[in-house]
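Note sheet for the following structure.
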2 protein chains.
Amino acid sequence: MKIIYDCMGADLGAKEIIKGIDQYLSEASLKGYLVGDLKEIEVSLKEFPKVKENFEIIPTTEVIYNDENPAFAIKRKPDSSIVKGYQLLVEKKADGFLSAGSTGGLLAGGLFILGRIHGIERPALPVVLPSAKGNFILIDSGANMDCSTKQLISFAKMGKVYAEKILGRENPKVGLLNVGMEPGKGNTQVKEAYKAFQEENFNFIGNIEARDLLIDPVDIVVADGFIGNIILKNIEGNGMFMLGYLKKLVEKFSDGDQEFVDKSNIVLKELIKLLDFAEYGGTSLLGLKAPVIKAHGSSNAKAIKNATLQMAKYLEQDLVRIFENEFKGE
Amino acid sequence: MKIIYDCMGADLGAKEIIKGIDQYLSEASLKGYLVGDLKEIEVSLKEFPKVKENFEIIPTTEVIYNDENPAFAIKRKPDSSIVKGYQLLVEKKADGFLSAGSTGGLLAGGLFILGRIHGIERPALPVVLPSAKGNFILIDSGANMDCSTKQLISFAKMGKVYAEKILGRENPKVGLLNVGMEPGKGNTQVKEAYKAFQEENFNFIGNIEARDLLIDPVDIVVADGFIGNIILKNIEGNGMFMLGYLKKLVEKFSDGDQEFVDKSNIVLKELIKLLDFAEYGGTSLLGLKAPVIKAHGSSNAKAIKNATLQMAKYLEQDLVRIFENEFKGE
């Protein structure tokens, strides 16, 4: 496997990305490119000779940041790590591209440099979330702010393939995120989508209420990227809020009982693990002509390793080929 | 204070509503009407002579359910408790109307029987939610599925009055629920609203990310009712999910230490209290010509008492009059 790593734009810097690659390398073979600031990469590589041996540095001088207009940034920063990374991918120098940088930049680069698979109007970002009954896919988690019915259908189709090939689900259930279970509930967009979904040949089971999302979800929950992203961030925020509240409660009710505090801390650490989406690896940008994975901006080495494992699975299952077949008639 | 109580459509039946009225009556005076099935109300009143003394029964034979089309139901069920309740309100037989029945039915009745305050296109449902820094208002929490910019502005204005008069905030901050903090983020609806909000004379501080909602929110978070309702239900669901997970963790790590289990249960009970929105009372339908409060469908007696306290505050502050002044130029 040959992967292009964007070494810029991640919260913890290039070294953490390289450390993650090193962790992967201790278990499996991997080659590829490190794209980014030459000095930072060279300094970071000193501790990781195995990565140095297997990777080529592609020096760049620009970075696309989260607060930039992504479409402009892609055009105005030709020497950015995201643009250079995509160019290597277009030239088929590697099998996939992995970045912990700007999501918007990665999406814009995907659209303007790499390109979409025929029949897919917009790439989508699925995210795998935990629930009381195992994990599930929320798609789109933030790539598309205003979505047509056709786009929502394509999210469901891509989510289905992802659930089958990556999560190993058989005949996965598709649900529409809504304010109620009953047909006819919701806004204009969702009501239209409900009708259209009934005509499709995936396993559409109807609306799913936000209350049930983490309790008893279906395999694939479809939402437009605006709502999907708000839900994703709300789940993260709720977790942090409850954790903070629990810590205060434990302190309040401990009565100086250190054993209780210690045991409670073990419990809370497990809860943090569950809520730590960074551990889950990355998010695939589905619908592009080659595999692209977006790791969380705050990814640590373990998250980068997990995202690389995800890339391996993506390639092994050849999702791009499957999508090409699925959408060729559109 | 004279209040009309809808005794139908609540999960726990008429008796729980009457019990809640009785609890309120033990602290303050209250008169009014009990609207609903004659037999059920009469049987329920046996245990509560004080309520019987102060309330008149208005017998009805029909109920509007949650799974009905609300606008049709209002027209087809003239002898329903919601329709009769609103008619009493229109006839000025009481100061306000309180129901734990169908939200849709209550909204439709508000629009078609009671009517809106001049200048307010759509009534809105604010909900008061807990956060790490105190509580805040989310408006709209589910009354309006597709919202124009003008409607979002009216939600902000009504939310401002509510924050000032009911929560006692000075110059309360207004934020727009969005996927990011930066201006220019979000879908078409929110981008348009952002620009329009800047021209208004309330204290608009910009976008608020869903991640910060329960951590560091503003006083009033504005969203359309589709997203607001999804967020509200997601918060409830996340709480239940985390609670279930914590219970399992406590069991797993207790190692037979009963003291730890007992203390943890105290902590979890406090967490349940925080998450129990039913305790917070009801939600006001803002923008109608008279005070209407929707209590949670699963309200117990305490929630009905709290909703009644909320009605008292609503009347004391004369919100309807304030809204009439605020919107008269529109």
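Throughout, a chain's letter reflects where its sequence line sits, starting with A, and its residues are numbered from 1. Because only heavy atoms are used, hydrogens play no part in the values below, and waters and symmetry mates are left out as well, while side chains stay in.
Note that the CD atom of Glu236(B) and the CG atom of Asn238(A) stand 11.0 Å from one another [nearest 0.5 Å]. Here the straight-line distance linking atom CG of Leu274(A) with atom OH of Tyr245(B) works out to 4.5 Å at 0.5 Å rounding. Note: Ile231(B) CD1 to Ile227(A) CD1 = 9.5 Å, rounded to the nearest 0.5 Å.
Heavy atoms of Leu214(B) lying under 4.5 Å from chain A belong to its backbone as well as its side chain. When heavy atoms are compared at a cutoff of 4.5 Å, Ile230(A) approaches chain B by way of both its backbone and its side chain. With a 4.5 angstrom heavy-atom cutoff, Leu213(B) touches chain A only via side-chain atoms. Of the two parts of Glu209(A), only the side chain, counted from C-beta on, holds a non-hydrogen atom closer than 4.5 Å to a non-hydrogen atom of chain B.
Minimum interatomic distance between Lys263(A) and Ser254(B) (heavy atoms only, all atoms of both residues): NZ-O, 3.0 Å. In terms of heavy-atom proximity, Ile215(A) sits nearest to Gly237(B) at CD1-O, 3.5 Å. When all heavy atoms are compared, the tightest approach of Phe226(B) to Val190(A) is CZ-CG2, 3.3 Å. Nearest approach of Lys185(B) to Asn66(A), heavy atoms of both residues: NZ-O, 4.1 Å. The minimum heavy-atom distance between Leu249(B) and Val267(A), with the atom names listed, is CD1-O, 3.4 Å. Of all heavy-atom pairs between Leu246(A) and Leu246(B), the closest is CD1-CD1, 3.5 Å.
Among Cys147(A), Gly142(A), Gly180(A), Ser131(A), the residue with the largest count of heavy-atom pairs under 4.5 Å with chain B is Ser131(A). Interface summary for chain B: among Met242(A), Lys248(A), Lys252(A), the most heavy-atom pairs under 4.5 angstrom belong to Met242(A). Note on Asn229(B), Asp67(B), Val250(B): by heavy-atom pairs under 4.5 Å with chain A, the leading option is Asn229(B). Interface remark: of the candidates Asp224(A), Leu268(A), Asn69(A), Ile266(A), Ile266(A) forms the most heavy-atom pairs closer than 4.5 Å to chain B. Most heavy-atom pairs under 4.5 Å with chain B: of the set Asp255(A), Asn178(A), Asp212(A), this distinction falls to Asn178(A). For chain B, the option among Glu259(A), Met240(A), Glu182(A), Glu270(A) with the highest count of heavy-atom pairs below 4.5 Å is Glu270(A). Annotation: maximal heavy-atom pairing with chain A below 4.5 Å, among Gly184(B), Gly244(B), Gly186(B), occurs at Gly186(B).
The local environment of NZ in Lys173(A) is sparse, with at most 12 non-hydrogen atoms from other residues, nucleotides or ligands closer than 6.0 Å. Around atom OH of Tyr65(B), no more than 12 heavy atoms belonging to other residues, nucleotides or ligands sit under 6.0 Å away.
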Trace of the side-chain contact (heavy atoms from CB on, under 4.5 Å) decision for Asn234(A) with Arg211(B): CA-CA 5 Å; Asn234(A) 189 47; Arg211(B) 191 184 279 126; over 6 Å; no
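Side-chain atoms of Phe241(A) and Asp216(B), non-hydrogen and from C-beta on, never get closer than 4.5 Å to each other. Counting heavy atoms from C-beta on, the side chains of Phe260(B) and Asp257(A) never come closer than 4.5 Å. Using a 4.5 Å heavy-atom threshold, the side chains of Thr188(A) and Met145(B) count as separate.
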